[in-house]
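The structure under discussion appears below in the form of structure tokens.
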Amino acid sequence: MTNMIQSAKDQVAALTQAAYEKAGAAGVLPAGAAVKATIEIPKDTAHGDYASSFAMAGAKAMHMAPRAIAQAIVDNLELEGSYFNKVEIAGPGFLNFTLGPKWYGDVLSAVEAEGSAYGSGTEGGGRKVMVEFVSANPTGPMHMGNARGGVLGDTLASVLARDGWKVWREFYVNDAGNQINKFARSIYARCMQLTLGEENYPFPEDGYHGEDIKELAQGFLAQVGDAFPGDASEEGWLDQMAQFGLERNIPKMESDLKKYGITYDQWFLESSLHSSGFVADTVAFLSEKGWTYEKDGALWLNTTQLLKQKYLAEGKTQEQVDKLDLKDDVLRRANGFYTYFAADIAYHRNKFEQRGFDLVINIWGADHHGHVARLQAALDGLGLDGSHRLVIVLMQLVNLLQDGKPVRMSKRTGKAIALHDLLDEISVDAARYYFNNRTPSSPLDFDLDLAVRQDSENPVYYVQYAHARICSLLARLAEEGAAVPAADTADAALLTTAEELALVKSLAQYPEELHLAARDYDPSRINRYLTALAGDFHRFYNACRLKGEEPAVLAARLKLADTVRSVLENGLNLLGVTAPEKM
């Protein structure tokens, strides 16, 4: 797919090399020098649109002053038919290239030709990547942290797909282990309280206190009728209660996420790893490789040694490694039960070994940072190269604000803001745009009041309004007989104002931003790009007339406006946000 910025850089390199070879053949410059030049985009367009360091980079090999080399290059450049209309020498010998109409016209043509595929890349090369995200415990409603992780994971998956990866979205359902036991005990306690009276049965201090647990208890009692409390033995009811709760909570999670615009290729059950024996098999495999030992009746992973091996391979010194406070991890407790860490290792072994993913990306809360290197090292111990093939994107917390004040949240006390409640207050568009508006590593302030405002302070409104404004403009002019022309009939040479040229350059930047968003696992780059593009359009619209202009100028500006509309829609669709035609 077309990347006009890269095409311009490639052409600078080709033109400069051709001029050098011509000068060398004429004896003006020493022939045969291998020159590695950099090509940059100057911040100030007074210095041209692209700057090559060819003359400075070749000075040593040619034994000549950079400016003399630069002059010889300029004298031998052939710009006819190229993207550039002039080249100037600046400073110690920079070659500053200024773009001409052909490049600006080709940007408009590329967007028109590629349509919704504009911006796509090939970096992934068709390799398989899994993005696992949200993976909230199915013990209660999803909350604000899940809301951020959901849009981050979903948008990152979309960005990777556009950059050439074969993408798989997955939700890991933690339907086994301690949290499910606590979940069942919480339901049981509420059932006892409903049966005997709250004052006659204590609720566990570490239980789940939310109203949803009370609702599940009421539903369970309605289902079993007089059979409860029966013998009142807690253990006899826990499996039934856990199953009852999961059968209701998991579909609710799926429904909430669908409302949020998120669907998964698979909901993977942790319990399947245990029931199939894959957790036990994985632990046995680690033992075969010599990475485990027994102590106090439990089986331990030698995480310390695995991490030392990992850190030394990454370039840390032995002295640095020795200073780290490294600890080993239990894989199987003395009671015979496998730990969550053991299941997590098995799950990731399944991703790589059983299902053949080339790369695995997990979206985790920042509070899991201590788990990252340990899991990667365990996978290294299995021979799966977890240090390079497992990427963890750590996501900082969300601070919810209303009336300028923080809204307190606590999942344990049942005062969390649930995702479905949030989506009753604000639009899905606002939520998806807002939660993806900062890099994952930055804390996010979510202002509920700002998210529903209809003005330029609201970032999603600002971008959507630019799209709607263009649609209204084009419709109004079409009624007057001014249709958007094809790119090959619009004269890009008539786009001469600073606002017009800046807008075309912004359009050309989209493929690069998409690639960088995929490379850096940071889809918030798309938000920042769209906000900047919308701003460039508003400046163009305020500075450049359309109605009443002579036909050729009007046609060029109409084509430019329509191209902006296309790219805004492209980017908004990538974020899972609508591109309205009217607002």
Side-chain angles (χ1 to χ4, degrees), residues 1-11 14 41 49-50 81-83 99-127 129 155-167 463-464 466-467 470-471 474 483-493 495 500-519 523 525-534 536-537 540 555-579 581:
M1 293 294 181
T2 306
N3 182 330
M4 290 300 297
I5 290 176
Q6 189 58 50
S7 295
K9 287 183 177 181
D10 292 343
Q11 197 173 99
I41 299 177
D49 296 306
Y50 292 85
S82 77
Y83 287 143
L99 290 164
K102 177 173 171 50
W103 184 84
Y104 291 101
D106 281 4
V107 172
L108 303 183
S109 295
V111 178
E112 178 184 273
E114 296 174 18
S116 62
Y118 178 65
S120 298
T122 58
E123 189 69 26
R127 288 172 291 168
V129 59
T155 310
L156 177 57
S158 296
V159 164
L160 290 165
R162 290 287 296 277
D163 205 32
W165 289 87
K166 187 176 180 181
V167 176
V463 175
Q464 288 180 317
H467 182 271
I470 297 169
C471 290
L474 298 181
V484 176
D488 59 1
T489 63
D491 188 356
L495 301 173
E500 289 167 320
L501 300 183
L503 190 50
V504 180
K505 287 178 183 176
S506 289
L507 293 168
Q509 186 66 28
Y510 184 55
E512 185 69 8
E513 289 298 328
L514 206 155
H515 167 66
L516 293 173
R519 185 198 70 182
R525 291 190 74 106
I526 305 301
N527 292 57
R528 292 191 292 279
Y529 168 78
L530 290 174
T531 301
L533 178 61
D536 286 336
F537 172 75
F540 154 77
R557 288 178 177 173
L558 273 176
K559 185 59 187 177
L560 176 55
D562 188 55
T563 306
V564 174
R565 176 205 58 74
S566 175
V567 175
L568 286 171
E569 181 182 18
N570 184 320
L572 287 168
N573 286 343
L574 191 64
L575 299 179
V577 175
T578 61
E581 295 185 6

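Partners of Tyr83 by side chain to side chain donor-acceptor pair (under 3.5 Å), not counting sequence neighbours, listed by chain and number: Asp106. For Asn3, the side chain to side chain contact (heavy atoms under 4.5 Å, CB included) test picks out Ile5, Gln6, Pro511, Glu512, with sequence neighbours left out. For Arg525, the side chain to side chain donor-acceptor pair (under 3.5 Å) partners two or more places apart in sequence, or in a different chain, are Glu513. Under the side chain to side chain donor-acceptor pair (under 3.5 Å) criterion, Glu114 pairs with Thr2, not counting sequence neighbours. Listed by chain and residue number, nothing satisfies the side chain to side chain contact (heavy atoms under 4.5 Å, CB included) test with Ala502 (two or more places apart in sequence, or in another chain). In this structure, the side chain to side chain contact (heavy atoms under 4.5 Å, CB included) partners of Leu533, at least two apart in sequence or on a different chain, are Leu503, Ser506, Leu507, Tyr529, Val564, Val567, Leu568. By the salt bridge (charged side-chain N to carboxylate O under 4.0 Å, His left out) test, Arg127 pairs with no residue at all, sequence neighbours left out. The side chain to side chain donor-acceptor pair (under 3.5 Å) check on Ser158 picks up Arg169, with sequence neighbours excluded. Considering only residues two or more places apart in sequence or on other chains, Phe540 meets the ring-ring contact (aromatic ring centres under 6.0 Å, His included) condition with Phe537. Residues passing the side chain to side chain contact (heavy atoms under 4.5 Å, CB included) test with Ala117 are Met1, Ser120, sequence neighbours excluded.
No donor-acceptor distance shorter than 3.5 angstrom exists from the side chain of Asn570 to the backbone of Ser566, with no hydrogens or angles considered.
Annotation: the span from Thr155 atom OG1 to Asn527 atom CG amounts to 7.5 Å, rounded to 0.5 Å. Trp103 contributes atom CH2, which lies 11.5 Å from atom CD of Gln11 (distance to the nearest 0.5 angstrom). Taken to the nearest 0.5 Å, the NE2 atom of His515 stands 9.5 Å off from the OG1 atom of Thr122. If you take CG on Asp10 and CE on Met4, they are separated by 11.0 Å, rounding to the nearest 0.5 Å.
Here the closest heavy-atom approach between residue Pro523 and residue Ala517 is recorded as CA-CB, 4.2 Å. Here the closest non-hydrogen pair linking Ala561 and Ile470 is O-CG2, 3.4 Å. In plain terms, the two heavy atoms of Lys102 and Ser82 that are nearest each other are CD-O, 3.7 Å. Between Ala8 and Leu99, the shortest heavy-atom distance links the atoms CB-CD2, 4.5 Å. Nearest approach of Cys471 to Arg565, heavy atoms of both residues: SG-CD, 3.8 Å. Taking every heavy atom of both residues into account, Ser109 and Ala487 meet most closely at OG-CB, 3.5 Å.
Residue pairs meeting the salt bridge (charged side-chain N to carboxylate O under 4.0 Å, His left out) criterion with at least one partner in residues 157-166, sequence neighbours excluded, do not occur; the list is empty. Evaluation of the salt bridge (charged side-chain N to carboxylate O under 4.0 Å, His left out) test over residues 501-511, restricted to residues two or more places apart or in two chains, returns Asp49-Lys505.
Contact of the Val463 side chain with the Val577 side chain is not registered, since no non-hydrogen atoms from C-beta on lie closer than 4.5 Å. For the pair Glu112 and Thr563, the minimum side-chain heavy-atom distance is 4.5 Å or more. Between Leu514 and Val159 the shortest side-chain heavy-atom distance falls below 4.5 Å. Looking at Leu560 and Leu495, their side chains come closer than 4.5 Å, going by heavy atoms from C-beta outward.
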